[in-house]
Number of protein chains: 2
Amino acid sequence: MTRTDKKVRHSPKGKPKAYTRESAAEGVETALKLLEGRWKLVILFHLFGGNVLRFSDLERAIPAVSQKMLIQQLRQMERDGIVRRIVHHQVPPKVEYCLTEWGQALCPALDALLTWAALRDDLQ
Amino acid sequence: MTRTDKKVRHSPKGKPKAYTRESAAEGVETALKLLEGRWKLVILFHLFGGNVLRFSDLERAIPAVSQKMLIQQLRQMERDGIVRRIVHHQVPPKVEYCLTEWGQALCPALDALLTWAALRDDLQ
DNA sequence: CAGCATCCTACGGGATACTG
DNA sequence: CAGTATCCCGTAGGATGCTG
């Protein structure tokens, strides 16, 4: 992967975006892989809108999730660059989670999926 | 990227579209569930654009997939209303697969995901 | 509070063989 | 050609307990 960029905010030129059937499928697949996981979407929707939540906040917000699963999904999304983890070194510990810029950028894509799902009834 | 549908555009009334965090997450989850499956996206991208393909066409187009998997993913998408299965009663058998209207409507949503994925390098 | 470590099970999905 | 039918395995993810 090309990791040559450094702090280039707004790329003036868009990507070539030449997708073959396979590369497009592959691209969407890798995108979906980042979202796969029993709890990622719930977490995501709780963080959308710039919300900053502590681990315990998320636990309370999502009662059905276990600690193991919560931390696992958060860590994966952190590793994937979707979620930012902020550690406040203090006792008792305090760790906060929020979305990265890229994570926020997911919103329209998920909206598109919702819109598609809503079409089901109309379109039959 | 709105596609101008030549046919039906009948929305008796726009959906309320009032999503809570949970219902939105749930909605996207169920949408994603329809797309989960090792081969669904590859199949989808081969059927986009109104392509009508026989079972054997798909087998040839996707060499890595096994018959069991191919039929399984196709059947699931058929059941979900994404794919249409057309059986020609003749010997030897001939079965064709294409997308339903709703299946075609997936295109913009997947595009949105691709766009998001492409943002990764630009952002941060 | 914010986690890590184990154990365990359901199931998605691969390989292979058979059939109308 | 267009599928079934079995067998098998890796892993996502649940339950439970411990810790800095």
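In what follows, every chain begins at residue 1, and chains take the letters A, B, ... in the order their sequences are listed.
- The shortest non-hydrogen separation linking Met77(B) to Leu44(B) is CE-CD1, 3.0 Å.
- Residues Asn51(B) and Cys98(B) approach most closely at O-CB, 3.6 Å, considering heavy atoms.
- Residues Trp39(A) and Pro93(A) both approach DNA chain D. Their nearest nucleotides, taken by heavy-atom distance, put Trp39(A) toward the 5′ side.
- Between the side chain of Thr100(A) and the main chain of Arg84(A), no donor-acceptor pair closer than 3.5 Å is present.
- For the pair Gln76(A) CD and dG13(D) P, the computed distance is 8 Å after rounding to whole Å.
- The phosphate of dA2(C) (OP1 or OP2) has no side-chain N or O of Arg85(A) nearer than 4.0 angstrom.
- Residue Arg75(B) places at least one side-chain N or O closer than 4.0 Å to OP1 or OP2 of dT4(D).
- OP1 or OP2 of dC1(C) has not a single side-chain nitrogen or oxygen of Arg60(A) nearer than 4.0 Å.
- Whole-Å rounding puts the Leu41(A) CG to dG13(D) P distance at 11 Å.
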Derivation of the side-chain contact (heavy atoms from CB on, under 4.5 Å) call for Val42(B) and Glu29(A)
CA-CA 9 Å; Val42(B) 209; Glu29(A) 263 167 31; 3.5 Å; yes
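- Taking atom CG of Leu32(B) as the reference point, atom P of dG12(C) lies 16 Å away to the nearest angstrom.
- At a threshold of 4.0 Å, the pair Arg75(B)-Glu78(B) counts as salt-bridged, since one of the basic side-chain nitrogens sits closer than that to a carboxylate oxygen.
- In terms of heavy atoms, Phe48(B) sits closest to Gly103(B) at CE2-O, 3.5 Å.
- Residue Arg38(A) places no side-chain N or O under 4.0 Å from the OP1 or OP2 atom of dA12(D).
- At the phosphate of dC1(C), neither OP1 nor OP2 sits under 4.0 Å from any side-chain N or O atom of Ser56(A).
- In this structure, Gln72(A) places its CD atom 14 Å from P of dA15(D), rounding to the nearest Å.
- Regarding contacts with the backbone of dC1(D), every side-chain N or O of Tyr97(B) stays at 4.0 angstrom or more from both OP1 and OP2.
- Contact annotation: Gln73(B) reaches the phosphate of dG13(C) (side-chain N/O to OP1 or OP2, under 4.0 Å).
- Nearest heavy-atom pair, His46(B) versus Ala61(B), reported as atom, atom and distance to 0.1 Å: CE1-CB, 3.7 Å.
- Among all heavy-atom pairs drawn from Leu47(A) and Gln104(A), the shortest one is O-NE2, 3.9 Å.
- Note: NZ (Lys33(B)) to P (dA12(D)) measures 16 Å, nearest angstrom.
- Atom-to-atom, CD of Glu96(B) to C1' of dG3(D) comes out at 16 Å; the value is rounded to the nearest Å.
- Here Arg54(B) reaches the OP1 or OP2 of dA2(D): one of its side-chain N or O atoms lies under 4.0 Å away.
- In terms of position on DNA chain C, the residue among Phe55(A) and Glu36(B) whose nearest nucleotide sits closer to the 5' end is Phe55(A).
- Note: NZ (Lys40(B)) to C1' (dG12(C)) measures 11 Å, nearest angstrom.
- Listed by residue number, the members of residues 61-69 of chain B with any heavy atom below 4.0 angstrom from DNA chain C are Lys68(B), Met69(B).
- Straight-line distance from the CD1 atom of Ile71(B) to the C1' atom of dG13(C): 16 Å, rounded to whole Å.
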